[in-house]
2 protein chains.
Amino acid sequence: MAATIKDVALKANVSVATVSRVLNGTAKVSDTAKAAVLKAQRELGFYLNANARTLARQDSQTIGILVSDISDPYFASMIKACDVTANALNKSLLITQGFYDAKREQKALDNLLSHQCSGIIIHVLGISDEVLSDYMKRFPYIVLVNRLLKGFEDRCVTIDNEQAMFNVVNYLIEQGHQKIAYVQSEYEVADNTQRLSGYKKALIAHNLEVDDSLILKAHPSLEGGSKVAKELIDIGLNKFTAVACYSDTIAAALMTNLINSGISVPDNVSITGFDNLFLSSCMIPALTTVINPIEQMGKRALELSIALKNGDHSFKLGSFETKLVCRNSVKKLK
Amino acid sequence: MAATIKDVALKANVSVATVSRVLNGTAKVSDTAKAAVLKAQRELGFYLNANARTLARQDSQTIGILVSDISDPYFASMIKACDVTANALNKSLLITQGFYDAKREQKALDNLLSHQCSGIIIHVLGISDEVLSDYMKRFPYIVLVNRLLKGFEDRCVTIDNEQAMFNVVNYLIEQGHQKIAYVQSEYEVADNTQRLSGYKKALIAHNLEVDDSLILKAHPSLEGGSKVAKELIDIGLNKFTAVACYSDTIAAALMTNLINSGISVPDNVSITGFDNLFLSSCMIPALTTVINPIEQMGKRALELSIALKNGDHSFKLGSFETKLVCRNSVKKLK
DNA sequence: ATACGTCATGTAAGCGTTTACATAAATTAT
DNA sequence: ATAATTTATGTAAACGCTTACATGACGTAT
């Protein structure tokens, strides 16, 4: 249907090799030939077939990305950073979503794998450690984002979730809070577990009791945050003075729901988030949260994956630092 | 490097055709042969090469998408809907970003075009009508989102922007507002122009004067909204009682900045947005805005593009309805 | 027993590129 | 003038798959 390189060659009166050389700039071609080729290309509206090229070159110039949900600003930021980085390397992104479901994640990953990507970056929650380890072993260029998998630490792009949440809760305690609730994500994966652990360690470090009835679960979305607001109200405001949340998304929805129920933030309840999404600075009061260097993580993950795919094992990820941002959603108690 | 279908055939003691048939389920194969193939596949960790398959089948099973910026929730929602729809059709998404820049948009589009996509959906602002028309003509399956291009109306997935904004401003007037400022997007494209026009028409319909000094421009982002907040304060709060905004993103940032400057919303100033992003319902006060059926638009755009690519010209888009959602960011004046 | 259809399987051409190698022309050195 | 080198171009194999067509082994109807 569409024109091929042969059509262009025919029209320009040269061989297909010459056309390829002109269009790729891979070798010197006489000015007359070059002009003829470009003219023919223009007239035919011709584009080199990327699939045929990939087959011949054994290199797709494509980076595969798998995230849970593009519409989550956290992933969107990561993808944006990846795209910018990929673009600079003349590569494009093949993006798929797993929606927190093991089956869909696996299907999406298999799809990516069949595309001969120059790199693959995944964020998966549903797939078990065992299955995931198998993939990581078989495809040594897959890079994992925000999940620490035993045996593959140097292909995991993560932050120190435990320390980050420790800092948050430590800060709350310094502000005079003693009864601090915690809302974790309902997915049982590393970052979630680690943040919870940081929360507990901070309490323990200050000789405060860990009260399991103050530890709740929510889906990491605005809907999840709304639901958990009701649960917290049911628990009773006298049981806690602050709520540390797994994410900004949860925190924002929680805060909105509390305020709309007539509960003042931070006067009645202090709230903290995690990620430093734009959303968090738009809220009133602005959310106290943790800067999560997701753009940088996306960029480095991409670079690492490409290096690994090329057999370069010298590339080191480095570490990614978080930082507590104190804004107005936390009240200092006497 | 990676195993090929030949390796599998060899290992399973069958021909490549049989392997292909088993892996694609395209023809009956004896149980013994099937079992042998699947065993060999597993042992080799084999995936069919998607590029080779595309070349042979002349069908990439891939939908190309070009948006301005993935991290804009508006686009993220659209892409999510596209992914869900594509997934149901066993297709995947090739996503690129144009970042509001004509050059980058064109490069991204050219890239998409070279991938033999089964469909292409684009949202571009930088590319001129002339250049865009040329693309639309040459590739009759490209579908345009949120931009009305003369001569290609039935391949444009849009809403009635003018009417929608008319309704917003009409509502503001009904609530007693007479001096209404407007913040438009800084990009001069159809939806922006149309919304502005709706704003003006609503004023005129009520015999109110259109005051150009109350019409401002902002980048359609949270940063843009923050900037314009300062400009509005400079203009002076006595000059207007309400601000209608091109988008929720702008409106949210504007509202936050005003409130943080000690200006109460809606007591001092009423604000309206557009799109009904999640963000808008998280704000306090919740934003009065317009439901923009972006998910549905993404879905239909994808279906249309695939139909066109298949030469099916009977597919009709239908229309996309907006709806005003009245929340708490608008005050009723006496 | 013969002829016919059915079924599982294999053979090989084709998809649109890239690129190693071959070749012919032009240039330079001797 | 001849040989050696450089340069532009062409030829054809290869990339990994799909699939039309061919083939041979069966089962069934006659």
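Hydrogens, waters and symmetry mates are skipped; everything else that's a heavy atom, side chains included, is used. So you know, we letter chains A, B, ... as the sequences are listed, proteins then strands, and number each from 1.
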So which nucleotide from [options] ends up closest to the side chain of [X]?
X: B:Ser15; options: C:dT11, D:dG16, C:dT19; answer: C:dT11
X: A:Arg53; options: D:dC15, C:dT17, C:dA8; answer: C:dT17
X: A:Ala33; options: C:dT9, D:dT9, C:dG16; answer: D:dT9
X: A:Ala17; options: D:dT19, C:dG16, C:dT19; answer: C:dT19
X: A:Ser20; options: D:dT18, C:dT19, D:dG10; answer: C:dT19

Within this structure, what is the [atom1]-to-[atom2] distance between [X] and [N], rounded to whole angstrom?
X: A:Asp31; N: D:dT7; atom1: CG; atom2: C1'; answer: 13 Å
X: A:Gln41; N: C:dT17; atom1: CD; atom2: C1'; answer: 15 Å
X: A:Leu23; N: C:dG16; atom1: CG; atom2: C1'; answer: 13 Å
X: B:Asp59; N: D:dC17; atom1: CG; atom2: P; answer: 17 Å
X: B:Asn51; N: D:dC17; atom1: CG; atom2: P; answer: 10 Å
X: A:Leu10; N: C:dT17; atom1: CG; atom2: P; answer: 14 Å
X: B:Leu44; N: D:dG16; atom1: CG; atom2: C1'; answer: 15 Å
X: B:Lys6; N: C:dA12; atom1: NZ; atom2: C1'; answer: 11 Å

Checklist entry - Just to confirm, is there a sub-4.0 Å distance from OP1 or OP2 of D:dG10 to any side-chain nitrogen or oxygen of A:Thr18? => result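 For D:dG10, OP1 or OP2 has a side-chain N or O of A:Thr18 closer than 4.0 Å.
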Next on the checklist: Does D:dG16 have OP1 or OP2 under 4.0 Å away from a side-chain N or O of A:Gln58?
Outcome noted: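 Looking at the OP1 and OP2 atoms of D:dG16, one of them is under 4.0 Å from a side-chain N or O of A:Gln58.
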Under 4.0 Å, counting only non-hydrogen atoms across every strand here, what does [X] touch: a base, just sugar-phosphate, or nothing?
X: A:Ser30; value: sugar-phosphate
X: B:Ala50; value: nothing
X: B:Asn24; value: sugar-phosphate

Checklist entry - Starting at the 5' end of DNA chain C and moving along, which residue's nearest nucleotide shows up first, B:Val16 or B:Arg57? => result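 Going by which nucleotide is closer to the 5' end, it is B:Val16.
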Item to check | Residue whose closest nucleotide on DNA chain C lies nearer the 5' end, B:Ala56 versus B:Ala27 | outcome: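 This one resolves to B:Ala27.
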Verify the distance criterion only: is there a donor paired with an acceptor across the side chains of [X] and [Y] at less than 3.5 Å?
X: A:His219; Y: A:Tyr187; value: yes
X: B:Ser118; Y: B:Asp59; value: yes
X: B:Asn161; Y: B:Asp191; value: no
X: A:Asp110; Y: A:Tyr135; value: yes
X: B:Arg53; Y: B:Asn24; value: yes

Checklist entry - Are there more than 12 heavy atoms of other residues, nucleotides or ligands under 6.0 Å from atom CG of B:Asp312? => result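 Atom CG in B:Asp312 is crowded, with more than 12 foreign heavy atoms closer than 6.0 Å.
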Item to check | B:Arg21 or B:Leu48, whichever maps to the more 5' nucleotide of DNA chain D | outcome: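 The residue whose closest nucleotide sits nearer the 5' end is B:Leu48.
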